Amino acid sequence: MDAAIKTIHAREILDSRGNPTVEVDVVLNDETRARAAVPSGASTGTHEAVELRDHDKLRFGGKGVLTAVANVNTIIAPALAGMDAADQGRIDRTMIALDGTPNKARLGANAILGVSMAAARAAALSRDIPLYEYLGSDHTYLLPVPMMNVLNGGVHAQWQGADFQEYMIVPFGAPDFHTALRWGAETYHALLDLLKKKNYPTAVGDEGGFAPKVASNEEPLEFITLAIEQAGYRPGTDIGISLDPASSGFCYAGKYELKREGKALTPEELIRYYTRLVDTYPILSIEDGLAEDDWAGWKVLAGELGTRIELIGDDIFVTSPALVKRGIEEQVANSVLIKLNQIGTVTETRATIDLARGAGWGTNVSHRSGETVDSFIADFTVATCAGKLKTGAPSRGERVEKYNQLMRIEEELGSRAVYAGRKAFVR
Ligand code: PGA
Ligand code: ZN
């Protein structure tokens, strides 16, 4: 068998924050060589699959990944040798069984995911087809609406800016992906000019968005709406706004502490705050509006805003089929964020997407705040027809690489390229 796995080799590399992460090379019997690198979050959900770190304080402040690397090289590699790289299900099931824990705590989700993605890429290369085609089915592909995080707050701005973590512009009204990306980049530059005029610093946060010390959590929405107009677009018609407050990060003992505004809000008060924002600005979605364990609050939020906007669960669902299933049953949201490294294999990630879609929920593929130049999620989003991809601002190489890969895919698909547009958002 030509596409059988010959060797698997992992190494420790650096991510966009200068922290170590896992990179995996897979070589097949036919000499196909493929590589994948694993991202890393900062505002992580408690129930995510385990990102295995060495905790050796003498190396990278304890963040080294040599244990995960060794797990690939000495445990996973021998077990997968000779296996068909195109049998993703078997590869992923084998690693899950080898790990033997419910959350990939023994081998590490970072070890397992690196192999899972590199095997997929090797299988595609061996067949000489693009990754999105290999990962797709029925030759239906969808270019996602980019959710571009142009203003960073929360932990991604070292809690020096807004309490809300992400303010995204969403050019859903564009006719195609490359036009959407241009509108987004132009709006990003209009925002830069606006911040300069206001004498706000324009250094960027982890995901490439500006990270100014704003006066309130609402002020960025005023700036962004103005920037959309100044770039020549219509807020709410051409370009909308998505928020990821990532509220688990500022929830203490059931109260949501907005330091920027000197307030501690109950879930009901925060929901009223969001409702006012939705009434005032062209907001299409709110992700993690409430904290990961505040299921009761989520239920109230869904009742209040679930018919008007997309309510996306990130920390609350952590891409886990079990948690998404519970969310569907309890009707606490209408959309899920999809992060491969929250669950740890390509196969399980697809299962979560299928589950959400089956319930009529929205799906949003996402990068992590710590990234590499690996653009796997660009192909993955097109192949799974997820409809939306959030991968940061049109700034910083590791963010832009995903958007550029989507432009290459769109060009290659030619007349077969369909842009998701407004329909990608559920209400
Ligand atoms: P993270 O943040 O990658 O730091 O977890 C992204 C998000 O909360 O969506
Ligand atoms: Zn999030």
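Counting starts at 1 for both ligands and their atoms, in listed order. Predicted model, so just to flag it, every value in this text is computed and none were measured. The analysis underlying the following values was restricted to heavy atoms, covering all of them including side chains, and did not include hydrogens, waters or symmetry mates.
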inquiry  = Can you confirm, on distance only, whether ligand 1 has an N/O atom lying under 3.5 Å from any N/O atom belonging to Asp244?
reply    = yes
> Is any NZ, NE, NH1 or NH2 atom of the basic residue among Arg350 and Glu348 found under 4.0 Å from an Asp or Glu carboxylate oxygen of the other?
Replying inline: no
* To do: Taking only Lys NZ, Arg NE, NH1 and NH2, and the carboxylate oxygens of Asp or Glu, determine whether Arg408 and Glu412 approach each other closer than 4.0 Å.
  => no
Quick note on ligand 1: atoms under 4.0 Å from a heavy atom of Glu166 include exactly 6 (C), 7 (C), 8 (O), 9 (O)
Honestly, for Asp206 the part within reach of ligand 1 (heavy atoms, under 4.0 Å) is neither
Filtering Gln165, Arg368, Glu207, Glu371 for the heavy atom nearest atom 8 (O) of ligand 1 leaves Gln165
Using a plain distance cutoff, I'd like to know if Ser40 has any nitrogen or oxygen under 3.5 Å from a nitrogen or oxygen of ligand 1.
no
- Query: Do Asp314 and Lys339 meet the salt-bridge criterion of a basic N to acidic O distance under 4.0 Å?
  - Reply: yes
Given the ring of Tyr200, does Lys213 sit roughly above its face, with NZ or CZ under 6.0 Å from the centre of the six-membered ring and within 45° of the axis? no
Here the atoms of ligand 1 under 4.0 Å from any heavy atom belonging to Gly41 are 1 (P), 3 (O), 4 (O), 5 (O)
Could Arg326 and Trp295 be counted as a cation-pi pair, given that NZ or CZ must be under 6.0 Å from the ring centre and within 45° of the axis? yes
Within 4.0 Å of some non-hydrogen atom of Ala42, the atoms of ligand 1 are 1 (P), 4 (O), 5 (O)
| said: For ligand 1 and Leu337, I'd like to know whether there is a polar contact (N/O to N/O, distance under 3.5 Å). | reply: no
Q) Counting both backbone and side chain atoms, is some N or O of Lys339 under 3.5 Å from an N or O of ligand 1? A) yes
### Message
Tell me whether Asp25 is salt-bridged to Arg11, with the criterion being a basic N under 4.0 Å from an acidic carboxylate O.
### Response
yes
To the Zn ion (ligand 2), the closest N, O or S atom belonging to Asp244 is OD2
Result for salt bridge (Lys or Arg N to Asp or Glu O under 4.0 Å) between Arg368 and one of Glu398, Glu48, Glu207 points to Glu48
- Query: Do the charged groups of Arg396 and Glu371 touch, with an N to O distance under 4.0 Å?
  - Reply: no
(Q) Below 2.8 Å, can you find an N, O or S atom of Asp314 next to the Zn ion (ligand 2)? (A) yes
Residues Glu330, Lys325: salt bridge by 4.0 Å N-O rule:
no
Per-atom filter on ligand 1: closer than 4.0 angstrom to a heavy atom of Glu287 are 9 (O)
Residue Glu166, metal the Zn ion (ligand 2), N/O/S under 2.8 Å
no
Ligand 1 to Lys390, heavy atom cutoff 4.0 Å, flagged ligand atoms 7 (C), 9 (O)
Taking 4.0 angstrom as the limit, do Asp279 and Arg308 come out as a salt bridge?
yes
His367 to ligand 1: N or O pair under 3.5 Å?
no
For Asp314, the ligand 1 atoms with a heavy-atom partner under 4.0 Å come out as 7 (C), 8 (O), 9 (O)
Q.
Under 2.8 Å from the Zn ion (ligand 2), is there any N, O or S atom belonging to Glu287?
A. yes
Looking at Asn149 and Gly392, would you say the former's side chain and the latter's main chain have a donor-acceptor pair under 3.5 Å?
no
Between Ser366 and ligand 1, does any nitrogen or oxygen pair lie at a separation below 3.5 Å? no
